Amino acid sequence: MTAAVEVTGLEKHYGAVRAVDGVTFSVAEGEVFGLLGHNGAGKTTTIRMLTGRARPTSGRAFVAGLDAVTDRDRVKPLINAVFEDPNLYDRFAGIENLRFFATLYGVRGSRADELLELVGLRDAAKRKAKTYSSGMKQRLMIARSLINSPRVLFMDEPTRGLDPTSAREVRALVAQLARQGTTIFLTTHYMEEADELCTRVAFLSQGKIVALDAPRELKLRYGQRTARVLLRDRTEHTIRLDDPQDAAKVADWLRADQVLTLHSQEGTLEDVFVALAGRPL
Amino acid sequence: MRLPLVAAIFRKDVVDAIRDSRVLVSLLTPLILAIIYNSVFPEERLFEAKIAFVGPENSALVRTVEDRAGQTVKLTLRRVNSDADARRLVASEDVDAAFVLPADVDDAVRQGRRPTITLIQPANGNRAATFLSASLEAGLRALDGQPPIATVAVELVQAGSTEAGVLGDLGPRRYFVLATVVMMLGMIAVLVVPIVLTEEAEKKTLDALLLVASYGEVILGKALVGVVYSAASIVLMLALTRLRPADIPTFVAGAGVLAVALIGLGLLLGGVFRTAGQVYTWSSVLLLPIIGPAFVVGLPLPSALDLALRALPTSQGMRIMTNGLAGKALFNDEWISYAVLLAWVAIAYGALAWRLARRES
C-alpha cells in the first residue's frame, strides 16, 4: 500500500531544545494514525513540519508522495488540518468562513453549503462564528478542513476542551471520514479516543517515538494477562489467564453460579503509555 | 506569487477590518480632526491686493484681473477718475498698485494699435503689483487672440523668509488638514495594518491560511489593505475638506511613497508582535514620531530637532505633499525627501522579510 505520510529521521531543534528528535514512521493511505504524547512531546511540531509550516532541522518527510519541504506548494492542495485551538474568523458567519477558504483553494462555493450540512451546522450558517459553542466551532473547523477534499487530514487534538456530547459528535465525524477513505493523522491526549479511532498509534516522549503499533497489539504487549472476578458474596479476585490453577478456580465458580461479573484486564493505552513514558498523560 | 490568493485575502481583510470597531476608531479619529481643522480655520488666501484703476469698468482686462484673483488673492478693485488720483492712492499706500487703461483699450488691442497701459506701483514693488502685472499681460494676450506661450506662475516670497514660512504660504487650514491626511496614513499603517496581521497570528487563523498560501501572499494581501484604505481615506478627506492639490502627480507620488513606507513599518510591527494588545501598547509609543512631524514640518524648530525630524518618513512625506498641495516648491531638494522615504521602504520591507524568514524557520 502507498504511504500517505513517510517520515525518516525527522528532527526539529529550537536552540538547544530538541522538540522532535529523529522520528521515523509511515502512515498508509486510508489509515487513521494516532500520535500520542504529553504536552511538549513534539506532536504539534511534527504536524507543523508535515504541513509545511515549519522547516525540519534534519530528516525527510513525504506527504502524499511529495517532499513536505521542497514540494511544499504541491503538497498544500492535497492536505488540510484541524487545529488544536479554535481558529475561525469570529466576525464572519460560518458560511463566510467556509466560502473564504473555498476561494483560496479554488473550490466551488456550493462545497461550503455541502460541508455545513455534513457537520450539522446548516441552520447556523449565517450566524457569526463568535456566537458558536465550542462544539459548533470544532465542527466548523472540521468542515473547513474538508473544503479541498484532502488526501491527508491532520487533526491536532480535535476534541480537546469539548463536552462529552460534542466530543462524541466529533469522533463520529472522524470515523465517518475514515470510512470514506481519508487518511487521518491524529494527535490526542485522550487514550480512549485513540483506541476507538486509530488503526495504529505512536507514542511520542521527549521528541522520540517510544512505541508504534496497533492499539490492541500494544495493549497485549504491555498490558497484564489477568481478569477480575466479582462473586455473589461480593468478594473480588484477580486471576491470571495463563495459570491453570486460576483457570480451574474460575471454572468452579462458574459451575456453582457464583460469578456476578468477569472483566479481562488486558490493560489500556494509558497503562501502556505509563509503562513506556513513566508518567500518565 | 498567486494573485488570486492575494486578492481573496485582501477582500477578506477589507471586510473584516470594517467590522472591527478598533479599525473604525483609528480611521475616524483623523477624519474628524480634519473636519474640525477645516471648520476652525478660515478659507485661506495667499495675500490681499488693493488695486485702483482708471478706465472702462467693462474692459476685458479688468475682468481678467478679477478672474485671476480667484480664491487665492483677496482682491479689492477700486475705480478712480484720473491718473493723478491713482498715483496719489499708491503713494499714500491706500492701494497696493494701480493701472490706467485708455478709454477704448479693448478695441485698440484687437486692432493692433498698441495702446499704452500704465502700471503704477511703489518704488520697492509688492506682491499685488506683481500679480497685477502678470494679470494684465495675460489679459492683453487673450485680447490679441494669442494663445499663452507658457504659463507664468507667480511666486511670492517674503523677504528674509525660510521654510518656516510654509504655514503662512499654505494657510493654516490647508496646512493642518494636510497634516491630518498624513496622520491618517500613520494611523492606518501603525494601527490598522499591524492589527490585521497580528490578529491572524493571535487567533491562529494564520495557521489555516498558511496551509494554502505562503507568507509572502498573506503579507501582500495585508499590505494591499493598507494601500487601499490609505487611498480611499485621502480621497475622502480631500473631498470633505475641499482641499485641491495644485500639483496632483507630486501630491500622489508623495502620499504613495509615504504610505508604502509606513505600511512596511506597520507590517513589521505586525510581524514582531504576537497580540493586538502588544501592538496597541507599542503603536501608541511609535505614533508620536510617526505622526508628530506632520504637524511641525516647516515650522521654526531648533536645528538639531529639525535635522532629526528630517530622518523620519512622515516628515519627508509631508514635505513632498506640501509641495504637491501648493503646486510649487515650498520645500527644496525634493529628491532628498524621496531618497529618505525609499530608504525607509528598504529598511521596513527588508526587516520584515528577515523576520518572516526567521518565523518560518
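Just so we're on the same page: letters track the sequence lines, and every chain starts at 1. No experiment lies behind these values; they were computed from the predicted model shown. These values consider heavy atoms only, across backbone and side chains, with no hydrogens, waters or symmetry-generated copies.
Within 6.0 Å of atom CD in A:Q206, 12 or fewer heavy atoms from other residues, nucleotides or ligands are found, so the atom counts as exposed in its surroundings. Residue-environment remark: CZ (A:R74) stays at or below the threshold of 12 foreign heavy atoms within 6.0 Å.
We find the CD1-CG distance between A:I47 and B:D207 to be 11.0 Å, quoted to the nearest 0.5 Å. In this structure, the separation between CG on A:L104 and CD on B:E217 is 9.5 Å, given to the nearest 0.5 Å.
Here the side chain of B:K12 pairs no donor or acceptor atom with the backbone of A:Y89 at under 3.5 angstrom. No donor-acceptor distance shorter than 3.5 angstrom exists from the side chain of B:K204 to the backbone of A:P86, with no hydrogens or angles considered.
Of the two parts of B:I9, the backbone and the side chain both hold a non-hydrogen atom closer than 4.5 Å to a non-hydrogen atom of chain A. Only the side chain of A:F101 comes within contact range of chain B, with at least one heavy atom under 4.5 Å from a heavy atom of that chain. When heavy atoms are compared at a cutoff of 4.5 Å, B:A208 approaches chain A by way of both its backbone and its side chain.
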Evaluate A:F100 against B:D16 for side chain to side chain contact (heavy atoms under 4.5 Å, CB included), listing each step before the verdict. CA-CA 12 Å; A:F100 168 55; B:D16 199 24; over 6 Å; no

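The shortest heavy-atom contact between A:R91 and B:R19 is O-NH1, 2.8 Å. When all heavy atoms of A:F83 and B:L211 are compared, the closest pair comes out as CZ-CD1, 3.5 Å. Contact record, A:N87 with B:K203: CB-O, 3.1 Å, taken as the closest heavy-atom pair.
Each of B:R11, B:R2, B:E200 has some count of heavy-atom pairs under 4.5 Å with chain A, and the biggest count is that of B:E200. Of the residues considered (B:L209, B:D20, B:L210, B:L206), B:D20 shows the highest number of contacts with chain A, using heavy-atom pairs under 4.5 Å.
The salt bridge (Lys or Arg N to Asp or Glu O under 4.0 Å) contacts involving residues 57-67 of chain A comprise A:R60-A:D67, where partners must be two or more places apart or lie in separate chains.
Considering only residues two or more places apart in sequence or on other chains, A:Y132 meets the side chain to side chain donor-acceptor pair (under 3.5 Å) condition with none of them.
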